[in-house]
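Here the structure comes first, spelled out in structure tokens, and everything after it is commentary.
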2 protein chains.
Amino acid sequence: MARTRHERFDCSGGCPVEATLALIGGKWKGVILWHLLHGTMRFNEIRRRLSGVTQRMLTNQLRELEADGLIIRTVYPQVPPKVEYCLSEHGRSLEPVILALKAWGEANVLAPALPPVSSIKESMTSAAA
Amino acid sequence: MARTRHERFDCSGGCPVEATLALIGGKWKGVILWHLLHGTMRFNEIRRRLSGVTQRMLTNQLRELEADGLIIRTVYPQVPPKVEYCLSEHGRSLEPVILALKAWGEANVLAPALPPVSSIKESMTSAAA
DNA sequence: GTATATAGTATCAAAAAGGATACCGTAGCA
DNA sequence: TGCTACGGTATCCTTTTTGATACTATATAC
């Protein structure tokens with residue numbers, strides 16, 4: 001159920017890159033994992049931090065992360081329900097990856113106005129047209 | 001054209017994680033970048049390494065990477081055509097990220113038979129049912 | 001004269017991802 | 001008595017992504 005694209009890694013030679021991206025590449029997974037780096041959280045707690053996510057999506061993503069062994073879901077037999085999510089050991093091993101993603105994003109996406117590099121070689125391109 | 005999901009980063013507080021994933025998160029982008037870390041490559045050269053990719057997909061992904069300023073496309077006005085792709089400076093700055101993804105993938109996805117952690121808490125879960 | 005390699009486009013279709021909305025059952029609060 | 005919070009499901013729909021296939025132009029080799 002809801003297995004995304006984890007099953008097929010056909011890129012010969014080896015692309016652990018793809019394999020990893022398949023696990024954390026959903027729209028919300030990266031951020032969820034990043035938030036969970038800070039500690040255990042309840043469902044709605046996560047939801048509030050990911051403003052914009054729907055319940056269905058959040059449930060889906062959390063379930064996939066759980067199925068992939070990256071997070072641990074603990075439901076307390078209470079009413080109203082209380083469900084906690086935290087990183088598994090496996091998930092925590094992703095910390096350097098997440099932090100690398102975050103560091104690069106901070107340095108290269110949000111800060112600068114990245115100029116279109118596609119201007120220099122346009123002269124060559126137009127020569128072929 | 002072909003802008004994927006780069007435009008909207010609504011996850012408040014800041015998720016450079018998402019921002020980065022949006023750039024490298026396509027099905028092939030990560031691998032393409034990884035291959036380009038090794039040096040300049042021609043179109044079909046990349047294609048052969050990504051066995052399974054279609055021409056259309058490869059073109060798309062390369063165009064997006066170029067539009068995002070991560071790679072540089074150089075077309076030589078020859079016939080038959082010769083087009084080279086290489087990392088831009090911006091793209092090369094992704095090297096630690098790519099390597100982190102690769103390292104984790106090698107260590108955690110391909111090697112071990114990752115046991116389903118979802119067994120311990122099942123007792124609690126069933127108690128709620 | 002035909003085939004091949006090059007780097008693509010164009011068009012159509014399928015699959016996957018993501019989103020909107022409504023609903024559930026109970027506890028606690030007013 | 002009705003409201004809200006909790007952590008979801010179920011259903012339907014739209015958008016995005018991916019894939020299959022056919023087509024282009026020309027130089028070179030056969």
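Bear in mind the structure is a predicted one, so any value in this text is a computation, not a measurement.
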Side chain of W28(A): nearest nucleotide among dG8(C), dA7(C), dG19(C)? dG19(C)
Looking at the rings of W28(A) and H35(A), which for Trp means the six-membered one, are their centres under 6.0 Å apart? no
From CG of L21(A) over to P of dA17(C), roughly how many Å is that when rounded to an integer? 14 Å
If you measure only the distance, is there a donor-acceptor pair under 3.5 Å linking the side chains of R63(B) and N60(B)? no
Counting only N and O atoms by type, is there a donor-acceptor contact under 3.5 Å from the side chain of S51(B) to the main-chain atoms of R48(B)? no
Where the side chain of Q55(B) is concerned, which of dG8(C), dG8(D), dG19(D) is the nearest nucleotide? dG8(C)
Kindly state each residue pair satisfying ring-ring contact (aromatic ring centres under 6.0 Å, His included) with at least one member in residues 43-74 of chain B, sequence neighbours excluded. none
OP1 or OP2 of dT9(D) under 4.0 Å from side-chain N/O of R63(A): yes
Check DNA chain C for consecutive Watson-Crick or G-U pairs with both distances under 3.5 Å and list the runs of at least three as stems. C:1-30 with D:1-30
Give a yes/no on whether any side-chain N or O of K82(B) is located under 4.0 angstrom from OP1 or OP2 of dA5(C). no
For a quick check of understanding: with a heavy-atom distance under 4.0 Å over all strands, which category does E45(B) fall into, base, sugar-phosphate or nothing? nothing
Side-chain N or O of K27(B) versus OP1/OP2 of dA16(C): is the shortest distance under 4.0 Å? no
State plainly whether the residues K29(B) and E64(B) are in salt-bridge range, i.e. N to O under 4.0 Å. yes
How close or far is atom C1' of dA10(D) from atom CG of N60(A), stated in whole angstroms? 12 Å
Which whole-number value in Å describes the distance from I24(A) CD1 to dA17(C) C1'? 17 Å
Between dG8(C) (P) and R47(B) (CZ): distance, integer Å: 11 Å
Check this for me, if you would: do R92(A) and E95(A) make a salt bridge, where the nitrogen-to-carboxylate-oxygen distance has to be below 4.0 angstrom? yes
Please figure out whether T59(B) or R42(B) has its closest DNA chain C nucleotide nearer the 5' end. R42(B)
Which nucleotide, dG18(C), dG8(D), dA20(D), lies nearest any side-chain atom of Q61(A)? dG18(C)
Whole-Å gap separating P (dT15(D)) and CE (M57(A)): 16 Å
Keeping S88(B) on the side-chain end and G69(B) on the backbone end, is there a donor-acceptor pair under 3.5 Å? yes
Heavy-atom closest pair (G30(B) atom, I98(B) atom, distance to 0.1 Å) is O-CD1, 4.2 Å
Expressed as a whole number of angstroms, how long is the span from L58(A):CG to dG7(D):P? 10 Å
Among dG7(D), dG19(C), dG8(C), the one nearest any side-chain atom of T54(A) is dG19(C)
Euclidean distance, atom CD of residue Q78(A) to atom P of dA5(D) [Å, nearest integer]: 18 Å
Matching residue for I24(A) among I32(A), L33(A), D68(A), L65(A) - test: side chain to side chain contact (heavy atoms under 4.5 Å, CB included): L33(A)
Between dA7(C), dG18(C), dG7(D), which one does the side chain of V83(B) approach most closely? dA7(C)
Under 4.0 Å between a side-chain N or O of R48(A) and OP1 or OP2 of dC6(D)? yes
Base versus backbone protein contacts along nucleotides 24-30 of chain D [heavy-atom cut-off under 4.0 Å; B, S, -]: --SS---
CG/L62(A) to CZ/R73(A) distance, rounded to the nearest 0.5 angstrom? 8.5 Å
Which nucleotide in the set dG8(D), dT9(C), dA20(D) lies at the smallest distance from any side-chain heavy atom of R56(B)? dA20(D)
For the pair made of CD in E64(B) and C1' in dG8(C), what is the distance, rounded to whole Å? 16 Å
